[in-house]
**Student:** 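Starting off with a structure, shown below.
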Amino acid sequence: MGGAMRDEDDPYVLEDGEDHHAFWADAVADRVLARDPEEPIVIKGGISPSGVPHLGNMNEILRGYFVAEVLRERGHDVRQIFTSDDRDPLRKLPRSLANLDGEIVDLGDVNAGALGRNLGKPYTDIPDPFGCCDSYGEHFSNLIAESAAALDVPVEMISNTELYENGDLEDVTRYLLDTADLARDVLAEYQAKVDEDYVPFNPICENCGKVTETVTAVDPDAGTVEYVCTDLEAGDRTIEGCGHEGTATLREGKLPWRFEWPAQWQVLGVDFEPFGKDHAEGSWPSGVDISRNVLDAIPPVPMVYEWFTLDGEPFSSSAGNVVLVQDVLRMLEPEVLLYFFSKNPKKARDFSIERLDQLVDAFDRLEATYFGETDVSADERERAERIYPLLVDEIRAEQVRIPFTFAAVLGMTDDPDLREEIARREGHIPEDAPAWAVEAALERVDLAREWARRTDNEFNYDLKRQHRPDVDVDEATAGALDDLADFIEAGHTPEEIQGEIFEIARRHDLDVGGFFETGYRLFFDEEQGPKLGTFLGKLDTAFVLARLRRER
């Protein structure tokens, strides 16, 4: 049967049209509309609820979202859905989980026994180890839904368990069992160990609740199968079956994944689905073959996306290299995160927490380009004009953005008035900026502050404004501090102040490093800190002079 892949089924072909558009999602929308789909146009993503639903898992939702928005722009009704494959069996214990606030926790911090006692059972039949949702599967789905909601992406969550229990998948399951010989022949092209006894249905044992793969008899007309609860292979381990012999209806089990995916397309009327390159080389070709040659259906328009890494390493729950949308949004505005996902999906990228400032700077440049405030190429301007409106709730020319690293500097003080005063003095808030724009601009300070704390970078210092740290100052150092105060009082620039610190230390025969450390002690109660002269030059002068003269 193999060789069913047509040009229109190639998930890499979609990217060829990108040269004709400033934005890749327009090329995808063209291909979806070329099929003249019925409305609402259905865009789908999906995931099996194992481990932590991290930022990388948002690829399918956000890639689909941009295509959905483009189609809506063109006047079409769109339904974006996301299936949780929550009838899959739990095959191994995850190393970590996430609570509903998006915080990563170790298994030792929850009821891990709820998982350990239920290996082999569907996710929706396993108690939530946090005790806050009806099942482990529902807990995971709620996290995905909250991640999408945090970015204002309208996704309808669909539970696979509910599709089976409500009978939505019953007809297609019966058809596959009725044509099991054909289904076997097609699957054998893609999967080893497909013998004459293979049946494309996995019942749930009524005795122990585990998913089993051993079907001994099928009655498609009655809609039942007979089974034996045998062992389930789970990677390098075996989950023991209980040996029970029983009968299950077509609502009391599930299709194997290679059949379940095309069955979802048919039942849900899917028109477009993005997916990772693992599926592109694996279950997508078999899904196309099964869809066309077993189900006599047309598979959706595909698009493969490249994975991205987190701080240079693959996302890994077991290694602790994960981050959730909720956590990222404690450091970034939603529109900046959307901007990251708007980039070309065929290119592998790194999402670097360490260098979030570079991502923010790139977004700020895109925004400035949209408003004609930068000198860029025609292609860059076209891209900004196309993408920027899809990233923000409202286009407002009065929007003010404080540079991210400068916002991190402002985050060294908790005084909101001082933050605004410094930002205005440095020209980052225009005099005529409306109140809403000032408030929104200063919100970035708390985000940048959280970024500095999380990464413990050069901006992770707290200005000790209310109380002067107890610092021993000898006579020579006292004279040097007084000279520095006089220099600042004379009205020199931050850069001039930085250079003068070196000169003052040398004139007073002080160790330069030791003199800087005294300054850091006075202002931060730390041995080191940001570029001292530059920082002091941006603070309110009265406070700096009083602190240098040990008066406050």
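The structure presented is a predicted model; accordingly, all values stated were derived computationally and were not measured.
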**Student:** Looking at Phe543, is Arg465 sitting on its ring face, NZ or CZ under 6.0 Å from the six-membered ring centre and within 45 degrees of the normal?
**Tutor:**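 Yes, Arg465 lies over the aromatic ring of Phe543.
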
**Student:** Take Leu522 and Leu481 through the test side chain to side chain contact (heavy atoms under 4.5 Å, CB included) and record every step on the way to the result.
**Tutor:** CA-CA 10 Å; Leu522 280 172; Leu481 292 172; 3.8 Å; yes

**Student:** Between Thr369 and Thr374, is there a side-chain donor-acceptor contact under 3.5 Å, judged purely by atom types and distance?
**Tutor:**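 Judged by distance alone, the side chains do pair up.
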
**Student:** Could Arg424 and Glu421 be called an ion pair, given the rule that one side-chain N must be under 4.0 Å from one carboxylate O?
**Tutor:**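 Salt bridge: no.
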
**Student:** Indicate yes or no for a side-chain donor-acceptor contact from Thr83 to the backbone of Met157 under 3.5 Å, with no hydrogens or angles considered.
**Tutor:**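 Absent.
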
**Student:** Hey, is CG on Asp470 packed in by over 12 heavy atoms from elsewhere, all under 6.0 Å?
**Tutor:**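 Check fails, neighbour count at 12 or below.
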
**Student:** Testing the 3.5 Å rule here: is there a donor-acceptor pair between the side chains of Ser352 and Gln358?
**Tutor:**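 Per modelled atom types, Ser352 and Gln358 side chains form no pair under 3.5 Å.
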
**Student:** Is a donor on one side and an acceptor on the other found under 3.5 Å between the side chain of Asp415 and the backbone of Asp417?
**Tutor:**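 Such a contact is found between Asp415 side chain and Asp417 backbone.
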
**Student:** Between the side chains of Glu306 and Lys343, is the shortest nitrogen-to-carboxylate-oxygen separation below 4.0 Å, so that they form an ion pair?
**Tutor:**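 No salt bridge links Lys343 with Glu306.
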
**Student:** Using a strict threshold of under 4.0 Å (side-chain N to carboxylate O), is an ion pair present between Glu380 and Arg365?
**Tutor:**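 Judged by the 4.0 Å cut-off on N to carboxylate O distance, Arg365 and Glu380 do form a salt bridge.
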
**Student:** Using the side chain to side chain contact (heavy atoms under 4.5 Å, CB included) rule, take Val328 and Phe351 through it: C-alpha gap first, then chi angles, then the decisive distance, then the call.
**Tutor:** CA-CA 10 Å; Val328 171; Phe351 187 86; 3.8 Å; yes

**Student:** Would one find more than 12 heavy atoms of other residues, nucleotides or ligands at under 6.0 Å from atom CG of Asp77?
**Tutor:**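 Yes, because the 6.0 Å sphere around CG of Asp77 holds more than 12 heavy atoms from other groups.
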
**Student:** State, to 0.1 Å, how close Arg547 and Arg552 come at their nearest heavy-atom pair, and which atoms those are.
**Tutor:**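 Taking Arg547 first and Arg552 second, the nearest heavy atoms are NE-O, 2.6 Å.
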
**Student:** One thing to verify: whether Asp271 and Arg79 come together as a salt bridge, which I'm taking to mean a side-chain N less than 4.0 angstrom from a carboxylate O.
**Tutor:**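 The answer is no: the pair does not qualify as a salt bridge.
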
**Student:** Establish, from distance only, whether the side-chain atoms of Asp357 and Thr405 form a donor-acceptor pair under 3.5 Å.
**Tutor:**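 There is no such pair (donor and acceptor under 3.5 Å, judged by atom type) between the side chains of Asp357 and Thr405.
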
**Student:** Measure from the side-chain N and O atoms of Asp474 to the backbone N and O of Thr477, and report whether any donor-acceptor pair falls under 3.5 Å.
**Tutor:**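 Yes.
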
**Student:** Give a yes or no on this: more than 12 heavy atoms of other residues, nucleotides or ligands lie within 6.0 Å of atom CD of Glu475.
**Tutor:**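 It does not: Glu475 CD has 12 such atoms or fewer within range.
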
**Student:** Taking atom types as modelled and ignoring hydrogens, do the side chains of His508 and Asp483 form a donor-acceptor contact shorter than 3.5 angstrom?
**Tutor:**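 Note: His508 and Asp483 side chains meet the donor-acceptor criterion.
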
**Student:** Could you tell me whether the side chains of His21 and Asp30 share a donor-acceptor contact shorter than 3.5 Å?
**Tutor:**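 Side chains of His21 and Asp30: pair found under 3.5 Å.
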
**Student:** Run the side chain to side chain contact (heavy atoms under 4.5 Å, CB included) check on Leu447 and Arg330 step by step: do they pass?
**Tutor:** CA-CA 6 Å; Leu447 298 173; Arg330 296 183 180 101; 5.6 Å; no

**Student:** Are the aromatic rings of Tyr461 and Phe535 close, with centres under 6.0 Å apart?
**Tutor:**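 Ring centres of Phe535 and Tyr461 not closer than 6.0 Å.
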
**Student:** Is it true that Asp462 and Arg449 make a salt bridge, defined as a side-chain N closer than 4.0 Å to a carboxylate O?
**Tutor:**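 Yes.
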
**Student:** Under a 4.0 Å N-O cut-off, is there an ion pair linking Arg506 with Glu503?
**Tutor:**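 A salt bridge is present here (some side-chain N lies under 4.0 Å from a carboxylate O).
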
**Student:** Assert yes or no for the condition that the ring centre distance of Phe404 to Trp451 is strictly below 6.0 Å.
**Tutor:**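 Yes, ring centres under 6.0 Å apart.
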
**Student:** With a sphere of 6.0 Å drawn around NZ of Lys538, does it hold more than 12 non-hydrogen atoms of other residues, nucleotides or ligands?
**Tutor:**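 Yes - once you tally the heavy atoms of other residues, nucleotides and ligands closer than 6.0 Å, there are more than 12.
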
**Student:** Between Glu500 and Arg507, does any NZ, NE, NH1 or NH2 come within less than 4.0 Å of an OD or OE carboxylate oxygen?
**Tutor:**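 Looking at Arg507 and Glu500, the cut-off is met.
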
**Student:** Taking the six-membered ring for Trp, are Phe140 and Tyr123 ring centroids under 6.0 Å apart?
**Tutor:**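 Distance test on ring centres: not under 6.0 Å, no.
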
**Student:** With distance as the sole test, does Trp24 use its side chain to make a donor-acceptor pair with the main-chain N or O of Ser342 at under 3.5 Å?
**Tutor:**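 A pair under 3.5 Å: yes.
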
**Student:** Taking the six-membered ring of Trp436 (Phe, Tyr or Trp), confirm whether the NZ or CZ of Arg396 is under 6.0 Å from its centre and within 45° of its axis.
**Tutor:**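 Ring-cation test returns yes.
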
**Student:** Aromatic contact between Phe23 and Phe66, with the criterion being ring centroids under 6.0 Å apart: yes or no?
**Tutor:**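 Ring centroids of Phe23 and Phe66 are less than 6.0 Å from each other.
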
**Student:** Which of these passes side chain to side chain contact (heavy atoms under 4.5 Å, CB included) with Pro127: Asp134, Asn118, Leu115?
**Tutor:**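 Exactly one candidate clears the test, Asn118.
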
**Student:** Are a donor atom and an acceptor atom from the side chains of Asp86 and Thr161 found within less than 3.5 Å of each other?
**Tutor:**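 Distance-only check passes for Asp86 and Thr161.
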
**Student:** Quick one: do Arg521 and Asp472 make a salt bridge, cutoff under 4.0 Å?
**Tutor:**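 Result for this pair is no, no salt bridge flagged.
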
**Student:** Suppose we call two aromatic rings close when their centres sit under 6.0 Å apart. Are Phe516 and Phe502 close by that rule?
**Tutor:**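 Judged by ring-centre distance (under 6.0 Å), Phe516 and Phe502 do meet the cut-off.
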
**Student:** Evaluate the ring planes of Phe341 and Phe308, with Trp represented by its six-membered ring, and classify them as parallel (under 30°), tilted (30 to 60°) or perpendicular (over 60°).
**Tutor:**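 It falls in the perpendicular class, over 60°.
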
**Student:** On the 0 to 90° scale, with breaks at 30° and 60°, tag the Tyr520-Phe524 ring pair as parallel, tilted or perpendicular.
**Tutor:**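 If you compare the ring of Tyr520 with that of Phe524, the planes turn out tilted.
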
**Student:** Would you mind checking if Glu273 and Lys44 are paired as a salt bridge, meaning a charged N to carboxylate O distance below 4.0 Å?
**Tutor:**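 Result for this pair is yes, salt bridge flagged.
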
**Student:** Please check if the side chain of Arg419 supplies one atom and the backbone of Thr413 the other of a donor-acceptor pair under 3.5 Å.
**Tutor:**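 Yes, Arg419 side chain to Thr413 backbone: donor-acceptor pair under 3.5 Å.
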
**Student:** Hey, does the side chain of Asp311 reach the backbone of Ile353 with a donor-acceptor pair shorter than 3.5 angstrom?
**Tutor:**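 Side chain of Asp311 to backbone of Ile353: a pair is present.
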
